[in-house]
Amino acid sequence: MNEHTSIRPPREIVLAYEPAFRLAATEVRPAELEVEGPAGVRPLEPRVMKVLVALHRSLGAAVSREALGQQCWGGRIVSEDALTRCVVQLRKALAADPAIVVETIPTVGYRLQADGGAPTRAVRPPRRAALIAAAVAALAVMAALGGAWLWSQRPQAWAASDFRPLTSEPGFKTFPALSPDGRQVAYAHAALPFAPRDIHLRAVAGGEAAAVTSGPDDDFAPAWAPDGDRIAFLRRSPDGGCAVMVAIVPRGGERRLAPCREAGAHPTWLDARTLVVADTPAGGGLPRLSAIDATTGEVRALTAPPPDTLGDNEPQASPDGRQVAFRRTLRFGADEIVVLDVRTGRERTLTRDGWKAAGYVWSPDGRNLLFASNRGGGLGLWRLDARRPAEPEQVSLGLGVVSFLHMSADRTGQAVVEIARPRSGLVRLGPSGAPEARIVTASNDWDAVTGPDGAVAHISDRAGAPDLWISAPGGGATRLTEGLGSYVSSPAWSGDGRSLAFIAVIGRQADIFTVGRDGSRLLRLTDDGRDKRSPVFGPRGRVYYVERRGQAWRLMTVDPAAPGAAPAPVPGGQGWRSVQAAPSGALYGQRQGAETIGRLDGGAWRPAAEVRPYESWAASDDGVFILDTSARPRPALWFQPWSAPRRRLPDPGPMAARVTPSALGGATLGEALTEAVDLGLMRLGPARR
C-alpha cells in the first residue's frame, strides 16, 4: 500500500502551489500562468493551465472528461464546448514544440504525450569527412573533460547574497523546506512557541499560505520528495506518540509511514522511494540514521554511532542521493560533520575540531557543504569540500537575527533560513513561587541561575559566541568569559557567591572550570575531556558533576581548593545523569532510566519527588519547582514539597521555557520571549571574480 491509496477524488488544482515542470523543450510555470518554448513565452488562461497540469499529472495516461471537470472546474458540470475550447487553446500554446502532442481519446478524454516528435534526417558526410569529424570531436571531448577536471580541482570562493525576508505574518515559522524547483516552501507554523504546529505551504514568489495539515497533533520538519509531489514530516500526537508521515501536496491524502521515538530533525529523501530519518532505535540506544522504504514502510539502519558519542542527527542527502551528510555529536557542545556513502556504507569525517555545526546544506553540484558554525565568533556560514580533506572556508559572517539551525536549499543554490527576533526574560522566583525580579535582554540567554545576592549568572550569545555573563536586577551586565571555547554551559554559584563553576568545550574536550564573579581567577578543574553535565557546589565547597563514560553516567567530585587534584567518583553516585544542589548544599538528582528525583543520603540515592518527561525542575531545601512546558494552552509551574503532593503556582506566562535552581531558596525562570520566527531567502554560490 502507498499514500496514493488514501487519496479522495482529486480536488481542484490550485495553481499558486503547483511546481514548474518541463515538457520536451518547453517549460511550464503554472503559478505564473505561462509556458516558455521555442517560440518564446506564451500566457495561458487559468483554466487552460489547469487542464495542462491535470494532463501532466497523469504521466502519459488518458484523463477522462469527468476527472478534468473535477480538477479544473471544481467538480462543476462542464459543457463539451468549454472543455474543447480549453484544449484548442492549449494546442495553440504548445504548437511551437513538435515533441508535445495533446491527443483526443474518443469517448474517454485526452492524453498528453511529450516524449516524441517528428524524426529529422541528417545529411551523411563522406566517409573520410566522417572520420575527420569524429577525430576532432574526440579531441574536443578530451579537452573538455581535462578542463573540467582541472576546474574541479580548483578551490572556489563562495558567497551568500541576495538575502530577503520571505514571511512576515504573526507566528512562529520553523523547519523550512524548499521544493526541488525552489518555487515553494513548506514549513511548520505555530501561533505560540509551545503550541502544536501544522505544516503550511506557500509560493516563494508571494501570496497566501495554505495549511497542509491541521488538528491537535504537532506536525513539523517537512521534507520534499525529489519529484516535488509529496512531503514527509514528523507528527507527535497529544498522547506522546511519534510517527513519520507522508502527504500529497498541496491538498492530497496522507498516511502514516512508520513509527518513531525521539525523532526531531528534518527527514531527507535519497530518491523517490527512500526516506532517511534520525531516531533512536526500538529498545533505546543512541540516535542513528535509518532508511525507510516509502512504499512498504520497511526500516533499515544506516549508521551505528560509537558508544562514546551522543549519536547521529540532522541527515541531509546529496543532490544525487548517493551520500548523506549528518551531525555526529561527540558531547554536549561538540559536533562533527560526517558524510556517509550510501552504496558502500563508508563514512568520512569532514570536521575534527569539535566546533558546533548547526544547519548545513549541499551545493547544487554535490561538491560542497555549506554549514553554520560559531568558530568565527558569531554564527556564520562556512564551506567544506565534500570530496577531499580541507580546512573549512568562511563564506559569511554572522547575519544577526538569521538562524541557521534549520535551513534548506534547492537545486540552484537558493537557500531558506529562519529569522528570529530574540528577547530573553530571566525571572527570579521567591520560595513561594512569586516573581521577585525580572531581567529582559535583546539576545538569546539561557542556563540562568540566581546567586546569593540576587545577581543572575547565565549564558548569552549577545557578543557572538556563547559566553558566561552576570546580569544585575538593577541593570548592567558583566562578561566573564570571552571566546573560551566552542560552547559554554551550566553555570552554578558557590555558596558565598564569589565564584562560579561551569562547563566549557574546547576543541573536542568538555571540562569543568571555575571563575571569580568579576572574571578573575579562571581555573580548569578537570582535563580528561569527557562529556559532563550539571556542575554544582556541594558540601565543603567541593564541585560535583555527572560524567559520561560510554553510555554510563556517574556522579563525580573535585576540590577547587586543591588545583591539580584528580576528580573522584562519589559513593552511591553510579548511574546519576543529573545533579542539583539546594541552598543548604544537599544534592538531588536523577538516575538513568528513572523519572524520580532522588537525594544523596549517606552514599545512597533515596527517592524524593516525581517528575514527568519533558518537565524541568529546580531543587530547594523545602521541595522542588517543576515547569511543565507541555501543558496546554500554556506552560504550568508547580511546587512539590519533598513529602507532600505538588501544588500549582501562579501562571508563569506563555513563553516560560525552563526553571533552574536559585541560591536564594526559590528558582530562576527562563522565558523565551521571541516575538516571532519568520523565513528568509538567500542565494549561495561561487563568488564572482
When rounded to the nearest 0.5 angstrom, what is the spacing between CD in E391 and CG in L350?
11.5 Å
How close do A265 and F175 get, counting heavy atoms only, and between which atoms?
CA-CE2, 4.5 Å
R428 versus S662, side-chain donor and acceptor atoms under 3.5 Å
no
Is there side-chain contact between L525 and P560, with at least one heavy-atom pair below 4.5 Å?
yes
Can you find a pair of side-chain heavy atoms, one from F172 and one from Y187, that are under 4.5 Å apart?
no
Side chain D467, main chain G483, donor-acceptor under 3.5 Å:
yes
How close do G495 and P452 get, heavy atom to heavy atom, and via which atoms?
O-CG, 3.7 Å
So, taking the atom named SG in C260 and the one named CD in E262, what distance separates them when rounded to the nearest 0.5 Å?
10.0 Å
Does any donor atom in the side chain of S494 or D496 lie under 3.5 Å from an acceptor atom in the other side chain?
yes
Evaluate whether atom CZ of R498 has more than 12 neighbouring non-hydrogen atoms of other residues, nucleotides or ligands under 6.0 angstrom away.
no
Can R288 and D279 be counted as an ion pair, charged N to O under 4.0 angstrom?
no
Would you check if the side chain of S424 reaches a backbone N or O of D445 as a donor-acceptor pair within less than 3.5 Å?
yes
R479 side chain vs T481 backbone, donor-acceptor pair below 3.5 Å:
yes
I'd like to check F639 versus R648 (side-chain heavy atoms, cut-off strictly below 4.5 Å). Are they in contact?
no
Mind listing the closest non-hydrogen atom pair of T526 and P567 along with its distance?
CG2-CG, 3.8 Å
Expected output: side-chain R438 to main-chain V440 donor-acceptor under 3.5 Å
no
Quick one, I512 and V543 - any side-chain contact, counting heavy atoms below 4.5 Å?
yes
Between CG on residue N313 and CG on residue L289, distance to nearest 0.5 Å
8.0 Å
Is it the case that the side chain of Q592 and the backbone of W553 share a donor-acceptor pair, with hydrogens and angles ignored and the cut-off at 3.5 Å?
yes
Strictly below 4.0 Å, N to O, side chains only: are E418 and K173 in salt-bridge contact?
no
Taking W576 for its side chain and G572 for its backbone only, find out whether a donor-acceptor pair lies under 3.5 Å.
yes
Would you please test R327 and D312 for salt bridge (charged side-chain N to carboxylate O under 4.0 Å, His left out) and show each step?
CA-CA 6 Å; R327 184 177 66 234; D312 302 338; over 6 Å; no
S616 side-chain N/O to V659 backbone N/O, donor-acceptor pair under 3.5 Å:
yes
Heavy atoms from other residues, nucleotides or ligands near CD of Q551 exceed 12 (cutoff 6.0 Å):
yes
Rounded to the nearest 0.5 Å, how far apart are CD1 of I419 and OG1 of T167?
6.5 Å
A582 to S620 - nearest heavy-atom pair and separation:
CB-C, 3.7 Å
Do R612 and D628 sit within salt-bridge range, that is, some charged N less than 4.0 Å from a carboxylate O?
yes
Verdict with reasoning, T557 to L555, per side chain to side chain contact (heavy atoms under 4.5 Å, CB included)
CA-CA 7 Å; T557 185; L555 185 61; over 6 Å; no
When you check the side-chain N and O atoms of T596 and E610, is any donor under 3.5 Å from an acceptor?
yes
Using 30° and 60° as the class limits, which term best fits the ring planes of W642 and Y588: parallel, tilted or perpendicular?
parallel
Do Y544 and L587 have side chains that approach each other closer than 4.5 Å (heavy atoms only, starting at C-beta)?
yes
With distance as the sole criterion, is a donor-acceptor pair present between the side chains of D518 and S520 under 3.5 Å?
yes
Report yes or no: do W617 and Q590 form a side-chain donor-acceptor pair below 3.5 Å?
yes
For the residue pair A492 and V536, what are the closest heavy atoms and their distance?
CB-CA, 3.9 Å
Between F220 and the options H189, R236, H406, the side-chain contact (heavy atoms from CB on, under 4.5 Å) test singles out R236
Does D601 pair with R606 as a salt bridge, N-O distance under 4.0 Å?
yes
Side chain to side chain contact (heavy atoms under 4.5 Å, CB included) between V417 and M682, worked out:
CA-CA 8 Å; V417 293; M682 65 181 176; 4.0 Å; yes
Please evaluate residues S499 and R521 with respect to the criterion side-chain hydrogen bond (donor to acceptor under 3.5 Å, both in side chains), reporting the C-alpha separation (whole Å), side-chain torsions for both, the decisive distance (0.1 Å), and the verdict.
CA-CA 9 Å; S499 301; R521 309 189 313 276; 3.3 Å; yes
Do R462 and W469 have side chains that get closer than 4.5 Å, going by heavy atoms?
yes
Indicate the atoms forming the closest heavy-atom contact of S408 with A177, along with that distance.
OG-CA, 3.5 Å
Between D531 and F332, is there a donor-acceptor pair closer than 3.5 Å when you use the side chain of the first and the backbone of the second?
yes
Could you tell me if R646 sits above the aromatic ring of W638, with its cationic atom closer than 6.0 Å to the ring centre and no more than 45 degrees from the axis?
yes
What verdict does the side chain to side chain contact (heavy atoms under 4.5 Å, CB included) test give for V427 and T668, after you've listed the backbone C-alpha separation in whole Å, the side-chain angles of each residue and the deciding distance to 0.1 Å?
CA-CA 6 Å; V427 183; T668 307; over 6 Å; no
For the pair T280 (side chain) and P287 (backbone), establish whether a donor and an acceptor sit closer than 3.5 Å, ignoring hydrogens and angles.
no
Just verifying a value: how many Å separate S460 OG and W446 CH2, rounded to the nearest 0.5 Å?
6.5 Å
Taking NZ, NE, NH1 and NH2 as the nitrogens, is one of them in D528 or K532 under 4.0 Å from a carboxylate oxygen of the other?
yes
Before you tell me yes or no, could you show the steps for L468 and V515 under side chain to side chain contact (heavy atoms under 4.5 Å, CB included), namely the whole-Å CA-CA distance, both residues' side-chain angles and the distance that decides it to 0.1 Å?
CA-CA 10 Å; L468 176 60; V515 67; 3.9 Å; yes
Within a strict 4.5 Å, meaning less than it, do heavy atoms of the S471 and H458 side chains meet?
yes
Side-chain heavy-atom pair Y545, V570 within 4.5 angstrom cut-off:
no
S489 and D447: side-chain donor and acceptor closer than 3.5 Å?
no
Side-chain (Y360) to main-chain (R383) donor-acceptor, under 3.5 angstrom:
no
How many angstroms lie between CZ in R658 and CG in L627, if you round to the nearest 0.5 Å?
10.5 Å
